[in-house]
Structure formats: structure tokens, C-alpha cells
2 protein chains.
Amino acid sequence: MHQPDHLKNAGLKSTLPRLKVLDLFENSEERHLSAEDVYKQLLTSGEDVGLATVYRVLTQFEQAGLLVRHHFEGGKSVFELKQGEHHDHIVCMQCGHVEEFYDAAIETRQEKVATELGFAIRDHSLHIYADCTRKKCPHRR
Amino acid sequence: MHQPDHLKNAGLKSTLPRLKVLDLFENSEERHLSAEDVYKQLLTSGEDVGLATVYRVLTQFEQAGLLVRHHFEGGKSVFELKQGEHHDHIVCMQCGHVEEFYDAAIETRQEKVATELGFAIRDHSLHIYADCTRKKCPHRR
DNA sequence: ATGCAAATGATAATCGTTCTTATTTGCGTT
DNA sequence: AACGCAAATAAGAACGATTATCATTTGCAT
Ligand SMILES: [Mn+2]
Ligand SMILES: [Mn+2]
Ligand SMILES: [Zn+2]
Ligand SMILES: [Zn+2]
């Protein structure tokens, strides 16, 4: 889906570290990755990229519109491939599993609320923290 | 409204630093304060409390249910007095002004979404980032 | 007033992230 | 294919927010 020239189109030279990071997001099991996640996964697969470079590249990709950054609880930034449609997140407090959802009613209510209060929305984040029911989840009874 | 014995009820000794911090939240102009905010305001009013103590006390108050902690963008934690009713926040990206709101429709939709996805909600945060229209706001045209 | 567990405050340590700078690389041009 | 150079990288220092350590102080039950 993404090609080396996606980088050029974004005004970024197609360098080895950038291609590796992009590749990781395209082929990783987990959609939502922190800088540390990216760094460690690259190390594990033998690719060695400096941690500073990972941070720099993630920020550049965010600015270029290739990635979206989220601030879930826990302090660290998490990134995912930007693939058009906006969505919100529900995070399992037991296993960290992240599920995505979109609810049109919520989105419109937000607009309404903001307008009534005299605000013009630029962005928003809705994070639901919950317990999931996946077999893998350590919380399962 | 809060008395020294609110602390005792929460299982916390009523010490000087704790009383000062609680007092600040009760009498401060701004409802939503960071640790740094609290520390500086105490210094300004002549009270001297160590920064470490401020952090410690804020966390204890959160655990005791006296304060609620929020993670707005910008990295630092922000606290406010817990006064019963849950609400969400809309933050001005220009002046930092925080407005509170509650929308029943949004709350119920969240429950619905979570249930459908097989999650049991424990908590959530909805932060709307926007431009406000207050006279004080530097963004005003 | 006394004793002691609990709390404080100064400072060191930690964590995620950004900055600095010497070295390397991508890539358009010979 | 070799050059030249701006742009990018890597290693480590620096940073800002927060937490941990530990010697000293304080609240409070006796
Ligand atoms: Mn997502
Ligand atoms: Mn609030
Ligand atoms: Zn789970
Ligand atoms: Zn404003």
C-alpha cells in the first residue's frame, strides 16, 4: 500500500530508517505503537535504528499526515497509520488491547456542545478505559 | 465546605501541607490545576511546601477520592476537586481556558458502544480541543 | 510532656522525549 | 562510477515531569 514514493510525496527523502518504520506500521500485528515499541521491534528484527531517529521520524510522519498520534493514559505517545476515517478508542485496562470505534451520534453531539459553549472544535479525543472479554485477556474470569 | 476532618475521614492525617493544598483548590480562581500550578501558587502566598510533597499529596487526594486527575494534552497531569457529578472538558487551544460539560446522549452512546464491543467501561475521558470566543483569548479576531 | 509512626523536604533518580553535534547517506550532477 | 553537499542519522547529553530515597520534623495517642 505505501511505497517509497509516499515519502517523497510527503517531502521526505526516502531513507532506510524511514522505510523501515513505515514498513513496521504496515506489517505489524498491533496497529497502535509507541516509540519504544517501534524501536524494540526494529532491534528484534535485526534492523538497527537509533532511538532518537525513531522519535524524529514518528514526529515527521505525524506532521506529514502519514501517522496519527494518540495520548492514552500512561504518559507515552502512541501512533497508528492514518487511513482516512477518524475513529475513537476503547482500551482494555487489563491487557492493553485497543479497539477502534466510530459513533456518528457522539460526533454530532460533540459539535453541538462545542457550538453552544462558543467553541470551534479543532480536534478531540475520546478514550474509553474498560475490561475486555477476549480469551487472551488476563482479567477473564 | 471541606474541613480538616475531611482528611481524617479519608484516612489521612491533617497536616499543614495537606490543609494548604486542599484550601488552594477550594479558593483558587481556576478549578483545574497542575502540580506546578499548586506549588507556585503556594510559594506566591508565602506558604512554603516542597514540590515533592505537592506531588505526593495530590496523588493521595486522588486515591482518597478528593481530587480527580486529568491528562490533557501537554503532558502534565491536571487536578480538580471531585464534587460528585462526572463531566467532560473542552479546552481552548489558544488560551488554555477549560470549560466543563455533560451530555447525557454522549454518555449513553458510550455505554452502548462498549457493550456491543464486549467491554465493561471503567472510566473514560473526552477532551475537545477548540478555539474559544472569550474576550481574554489571544486568538480573538 | 514523651514517643514514635507517619509525613515532609531536599535532592537524586527515573522516564519519556528532544536537542546537539560529529559522522554518514541519499541523490542530483558530472 | 565518482563527486559534492544538503539532509538525515546515531550517540549521548539535556530536559521537563514525576517518583524515590532518606535524614529530619511533625501530628497525635499515651
Ligand atoms: Mn486507532
Ligand atoms: Mn472539570
Ligand atoms: Zn483485555
Ligand atoms: Zn481561548
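Order of the sequence lines sets the chain letters (A, B, ...), proteins ahead of strands, with each chain counted from 1. For the numbers below, each heavy atom of this structure counts, side chains included, while hydrogens, waters and symmetry mates do not.
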Output the rounded distance in Å from [atom1] ([X]) to [atom2] ([N]).
X	N	atom1	atom2	answer
A:Y39	C:dC15	OH	C1'	15 Å
A:K40	C:dC15	NZ	P	11 Å
A:E36	C:dT18	CD	P	13 Å
B:L51	D:dT18	CG	P	9 Å
B:H71	D:dT18	NE2	P	8 Å
B:L43	C:dA10	CG	P	10 Å
B:L12	D:dT26	CG	C1'	15 Å
A:D37	C:dT17	CG	P	10 Å

Does [N] have OP1 or OP2 sitting under 4.0 Å from an N or O in the side chain of [X]?
X	N	value
A:T15	D:dA8	no
A:S77	C:dT17	yes
A:Y55	C:dT18	no
B:K76	D:dA17	yes

Taking the side chain of [X] as its heavy atoms from C-beta onward, which of [options] lies nearest to it?
X	options	answer
A:P17	C:dT11, C:dA6, D:dT9	D:dT9
A:A52	D:dG12, D:dT9, C:dG26	D:dG12
B:V49	C:dG9, C:dT17, D:dT9	C:dG9

* To do: Check if the side chain of B:R56 and the base of C:dG9 share a donor-acceptor pair of N or O atoms closer than 3.5 Å.
  =>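 Checked by distance alone, the answer is yes.
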
* Any donor-acceptor N/O pair, B:S28 side chain to B:E30 backbone, under 3.5 Å ->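 Confirmed, B:S28 side chain pairs with B:E30 backbone.
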
* To do: Might you point out which heavy atoms bring B:C95 and B:C92 nearest each other, and give the distance in Å?
  =>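 It is N-SG, 3.4 Å.
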
* Please assess B:H127 against B:F72 for the test ring-ring contact (aromatic ring centres under 6.0 Å, His included), listing each intermediate value before the final yes or no. => CA-CA 7 Å; B:H127 302 152; B:F72 296 151; 4.8 Å; yes

* Asked: Starting at the 5' end of DNA chain D, which residue's closest nucleotide do you reach first, B:R69 or B:L16?
  ->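 Between the two, 5'-proximity favours B:R69.
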
* Verify whether the ring centers belonging to A:H32 and A:H97 lie closer than 6.0 Å. =>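 They do not qualify: ring centres at least 6.0 Å apart.
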
* For B:T53 and for A:T59, locate the closest nucleotide of DNA chain C by heavy-atom distance; then report the residue assigned to the nucleotide nearer the 5' terminus. =>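 Closer to the 5' end of DNA chain C: B:T53.
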
* **B:R31 with B:E100: basic N within carboxylate O range, under 4.0 Å** =>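 Result for this pair is yes, salt bridge flagged.
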
